Amino acid sequence: MICGLIPTYNNATTIADIVKRTLRQVPLVVVVNDGSTDETASILSALEQTEKALSVVTLPKNKGKGYALKCGFQKARELGCTHAITLDADGQHFPEDIPELIHISKIRPEAIIVGSRGTKHDNMPSSSTFANRFSNFWFAVQTGLYLPDTQTGFRVYPLDAIHGERLMTRRYEAELLVLVLSAWANVPIIPSPVRVYYPPKEERVSSFRPFRDFSRISILNTILCVLALIYGLPRRYGRFVYYGICFFIFAAAGKIITSLYRLRPTPENEQKMHYRIQRGCQIFLSAFPTATYTVNFDDSKNTPAIYIANHSSYLDIIALLALSDKMRLIGKAHIVNNKFYGCTAQTIGFIPITTGAEDMTSIVKHWTDQGYSVGIFPEGTRSLYGVPLRFHSGAFHLAEQLHLPIQPILLEGYAEALQKRPFHVGKPKQICTTLLPRIEPDDNRFGGNRLEKAKQMRAYYDQLLMHEL
């Protein structure tokens, strides 16, 4: 279950509205009253009488936002929550943006989702703009990751993956500390755009103390930079170096295999080469550290088809090649032109796309007539965080023109293993390839034409990838 978590200190004018709007988005809200001295306590007491899904934690004295968050996390766990969405009580955040954060979190439940406010807004204090850019810079130095907004309090936390919770300080810098320590522990961090409202200066209620809190953040950044050199960055980049070496060995082996084939390019040798590449891809995925590699055949046939798959990682190409030695992939031309692995891509029959899949009917027919299936990523590019992008209609057009079935492939865990941006090498528990039931040419479950099929298939994948929270 996912809950809202709202720390508050003297927000009597806004707290009731924020709580009610948040309750419309989540089944439970935890409010931590951090020793408020205005009417906040009485307002929350009255709300508890009418809102059964509201739980209030009251601190007798003001301890600071970091301490309030720790108390809120503890209460959320006691109530059986797996994730908590934190947002401010001053009206700056829009609870109506919560569904989008939840949507990403359902697809990537292991990740911290960070709301990104941008840096140009009406009434935004110049001190806030400077503090955010300052924090973003040092976060990048300390972790090797760039986030557009490291100061936002609008986040989704997986409660079992919060690193540094015991070390959290009592003030605002606690949220930065959690991000840095979580990044060092290889917890994925995903930014998502959110709206923000800054009231006019005369209406603004803020507990941020510019000099004192900025000084605390500066001191914390100094400490974290030292720790990054001796602990954080070596720990984080150790996995990056390891996977880099593995990829180099894998790519070099592929180049050797394809080079040997070119010495004697007979049909028999070509088939042997494709089989060895398939087995190599299977071995690579099976040996993936921390993860179990599985292939589920819901409805598998050996006849030629147009294979489509969601695309969120470089590993997706390996996942498709591991399925069959009778597979050709369509992709961007820069893959074939790459100096390191372009030769391998050409030799195994990678089909470069220069205009659109609609214009490649004759090329695809050439391969399917020889018994090969053709794989396409309908999104056209890797999605950033595993959330499917818009599906283009080219794959469905080819299936329609050539009267071929569509074989949907669901790829899970690959985005967690190798995230596109911010670049992340993770520790998935499982990487799984699932062959879903085929869609025959006369099957209209997903619409009667290619545009309808592209739209409905994208929604189908989106639904399959979501986890219950």
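It should be emphasised that the depicted structure is a prediction, and the values quoted were computed from it without experimental measurement.
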Within 6.0 Å of CD in Glu78, more than 12 heavy atoms from elsewhere: yes
More than 12 heavy atoms from other groups under 6.0 Å of OH on Tyr67: no
Thr14 and Asp17: side chain donor to acceptor below 3.5 Å: no
Ring centers of Phe94, Tyr197 separated by less than 6.0 Å: no
Check: Tyr461 ring centroid to Phe391 ring centroid under 6.0 Å: yes
Sequence-distant partners of His311, ring-ring contact (aromatic ring centres under 6.0 Å, His included), two or more places apart: Phe377
Side-chain donor-acceptor contact under 3.5 Å, Gln278 with Ser324: no
Intermediate values then yes/no, side chain to side chain contact (heavy atoms under 4.5 Å, CB included), Ile406 and Ile308: CA-CA 7 Å; Ile406 294 173; Ile308 63 170; 3.9 Å; yes
Residues Asp462, Lys106: salt bridge by 4.0 Å N-O rule: no
Separation of Ser383 OG from Asp316 CG (nearest 0.5 Å): 8.0 Å
Check ion pair Glu452-Arg450 (N to O, under 4.0 angstrom): no
Axial cation check for Phe154 ring with Arg117, 6.0 Å and 45° limits: no
Any side-chain donor near an acceptor of the partner, Asp90 and Asn11, under 3.5 Å: no
Result of checking Ile376, Thr433, Ile409 against Leu320 for side-chain contact (heavy atoms from CB on, under 4.5 Å): Ile409
Note: Glu110-Lys429 ion pair, threshold 4.0 Å (strictly below): no
Donor-acceptor side-chain pairing of Arg279 and Gln282 below 3.5 angstrom: yes
Whether over 12 other heavy atoms sit under 6.0 Å from Trp184 CH2: yes
Within 6.0 Å of CD in Glu96, more than 12 heavy atoms from elsewhere: yes
Between Glu39 and Ser42, a side-chain donor and acceptor under 3.5 Å: yes
Donor on one side chain, acceptor on other, Asn221 and Glu173, under 3.5 Å: no
Test log, rule side chain to side chain contact (heavy atoms under 4.5 Å, CB included), inputs Asn296 and Leu435: CA-CA 6 Å; Asn296 300 321; Leu435 280 76; over 6 Å; no
Side chain to side chain contact (heavy atoms under 4.5 Å, CB included) between His83 and Tyr157, worked out: CA-CA 6 Å; His83 292 71; Tyr157 288 100; over 6 Å; no
Carboxylate-amine/guanidinium proximity below 4.0 Å for Lys20 and Glu51: no
Candidate pair Ser313 and Gln419, rule side chain to side chain contact (heavy atoms under 4.5 Å, CB included), full reasoning: CA-CA 6 Å; Ser313 171; Gln419 179 179 293; over 6 Å; no
Donor on one side chain, acceptor on other, Thr150 and Ser135, under 3.5 Å: yes
Point-to-point distance, once rounded to the nearest 0.5 Å, from CG of Asp97 to OG of Ser192: 8.0 Å
Heavy-atom side-chain contact between Ile6 and Val32 under 4.5 Å: no
